[in-house]
Amino acid sequence: MQLDNYYSSQQWQKIQNFAANKPSPFLVVDLDRVEYKYQELQQSFPMANIFYAVKANPSTEIIQRLDKLDSSFDIASIYELDRVLACGISPDRISFGNTIKKAADVKYAYDKGIRLFVTDAQADLEQIAQHAPNSRVFVRVLVESGTTSDWPLSRKFGCDTQMAIDLMVKAEQLGLQPYGVSFHVGSQQNDVTVWRTALNTVKDVFDTLEHQHGIQLELINAGGGFPARYLADIDSIQDYANRIQCYIDECFDRKVTLFLEPGRSLVGDAGVLVSEIVLIANKSEQDEKRWIYTDVGVFNGLIETLGEMIKYPIYTPKMHNDAPKSNVVLAGPTCDSTDIMYEKIAYPLPQDLVMGDRLYWLSTGAYTTSYASVEFNGYPPLKTFYLE
Ligand SMILES: *Cc1c(COP(=O)(O)O)cnc(C)c1O
């Protein structure tokens with residue numbers, strides 16, 4: 001773990017200065033970094049309309065910063081919708097991107113001006129037709145996220161190619177506007193070639209609808225899935241963009257509209273979760289493995305460590321010393337034995353760490369605050385600060 005792979009000394013200083021005298025634990029999010037990641041993505045994909053997936057971090061500070069950059073927004077519920085609208089964003093920059101929604105939610109969104117909905121099931125489509133007449137709909141197809149995504153989103157969402165075609169035909173019959181196809185290759189997707197497979201499925205839907213049903217779709221919604229920088233190296237966004245643009249050009253010889261729905265890649269790297277060591281212990285006199293218990297855990301910010309899937313880089317200033325390191329088990333503060341972040345994978349930390357020392361969990365801007373429990377064991381929601 002090299003701190004300068006993650007932050008310039010100037011960026012780190014900014015976070016340190018802010019964090020110095022605040023009681024642990026808390027998350028600090030650097031909004032300039034969110035802005036940088038947004039602009040990097042937009043420059044890499046100049047043709048794309050970016051819809052920020054609000055669920056990754058639904059704070060008004062982030063929504064407002066992205067609003068200034070002309071981002072659009074992908075919302076998962078009427079509650080996120082209200083939040084985004086309250087920031088003054090107009091409904092034509094919002095997409096209702098959850099396939100699972102009540103009829104009453106569709107009606108609520110329609111009444112607020114939303115005219116763009118995803119679907120992947122006939123019953124949902126019929127609700128949209130009834131409560132959001134004449135809206136644009138896009139259909140989500142199932143794609144394999146394989147073993148290369150660290151946080152898969154397959155199986156639960158999307159339908160197969162034939163059903164996608166049938167739904168778009170049905171959409172037209174019901175007075176909706178069949179608009180396009182979406183997919184999500186799985187979050188933290190490390191293998192860009194997965195987009196190629198997905199885009200081939202999209203092409204099949206486009207072609208069949210055009211040739212057999214006279215319906216010309218326009219939208220490819222290539223989802224999220226772009227990586228944040230955790231422990232492992234990742235390819236640059238520019239690499240992802242170059243490859244994905246090639247795949248699109250391979251598949252489509254006419255003009256299409258491209259949407260992206262990034263969550264993790266925009267906000268992940270912008271967050272640092274500041275924690276403190278509560279206890280260091282061994283399980284027996286003979287067992288040399290140290291257990292380090294911190295004041296953050298699975299239930300207050302680090303739920304994506306479940307199954308040790310997301311591997312956050314952890315920094316302590318003691319790493320700069322020559323102190324020898326050894327592997328530790330890292331666990332949270334609650335009375336629940338699933339509250340263990342890392343046990344199987346190796347986390348070497350300095351041997352001279354003591355109780356009260358701070359541990360910094362890097363790249364924790366996404367899927368942390370919104371995933372923290374409210375009062376489990378009495379712990380309050382994760383406190384979060386946003387640096388302008
Ligand atoms: C969660 C989600 C996203 C964001 O995915 P990331 O991997 O965080 O970029 C985008 N679109 C939809 C529909 C989602 O459910």
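Both ligands and their constituent atoms are indexed starting at 1 by order of listing.
Residue contact check for ligand 1: Y367 places a non-hydrogen atom closer than 4.0 Å to it. In this structure, G225 has a heavy atom closer than 4.0 Å to ligand 1. By the 4.0 Å heavy-atom criterion, R140 is counted among the residues contacting ligand 1. Using a non-hydrogen distance threshold of 4.0 Å, G97 registers as a contact of ligand 1.
Here the closest heavy-atom approach between residue G301 and residue A372 is recorded as N-CB, 3.8 Å. Taking every heavy atom of both residues into account, K318 and D352 meet most closely at NZ-O, 2.9 Å.
In the model, R264 has a side-chain atom that pairs as donor or acceptor with a side-chain atom of Y230 under 3.5 Å.
In summary, the atoms of ligand 1 found under 4.0 Å from a heavy atom of H184, numbered by their order in the structure, are 2 (C), 3 (C), 4 (C), 5 (O), 6 (P), 7 (O), 10 (C), 11 (N), 12 (C), 14 (C). Which parts of ligand 1 touch P262 is read off a 4.0 Å heavy-atom cut-off, strictly below it: atoms 9 (O). For ligand 1 and A53, the ligand atoms under 4.0 Å from any heavy atom of the residue are 3 (C), 4 (C), 10 (C).
Atom 14 (C) of ligand 1 has its nearest heavy-atom neighbour, among K156, K55, E261, R264, in K55. The residue among G224, A222, S187 with a heavy atom at the shortest distance from atom 7 (O) of ligand 1 is S187.
At a heavy-atom cutoff of 4.0 Å, ligand 1 is contacted by no atom of A56, backbone or side chain.
Cluster partners of Y379: none. The rule joins Ile, Leu, Val, Met, Phe, Trp and Tyr whenever side-chain heavy atoms lie under 4.5 Å apart, and it links nothing here.
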ring-ring contact (aromatic ring centres under 6.0 Å, His included) between F73 and F51, intermediate numbers included: CA-CA 4 Å; F73 297 87; F51 285 70; 8.4 Å; no
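Remark: ligand 1 and G263 share an N or O pair separated by less than 3.5 Å (distance only, no angle test).
At a threshold of 4.5 Å between non-hydrogen side-chain atoms, the residues N134 and Q177 count as touching.
Within 6.0 Å of atom OH in Y36, 12 or fewer heavy atoms from other residues, nucleotides or ligands are found, so the atom counts as exposed in its surroundings.
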Mind listing the side-chain donor-acceptor pairs of residues 24-31 below 3.5 Å, one per line with the distance, residues two or more places apart or on another chain?
{"unit_1": "S24", "atom_1": "OG", "unit_2": "E276", "atom_2": "N", "d": "3.2"}
{"unit_1": "S24", "atom_1": "OG", "unit_2": "D295", "atom_2": "OD1", "d": "3.3"}
{"unit_1": "S24", "atom_1": "OG", "unit_2": "D295", "atom_2": "OD2", "d": "2.7"}
{"unit_1": "D30", "atom_1": "OD1", "unit_2": "K14", "atom_2": "NZ", "d": "3.1"}
{"unit_1": "D30", "atom_1": "OD1", "unit_2": "D32", "atom_2": "N", "d": "3.1"}

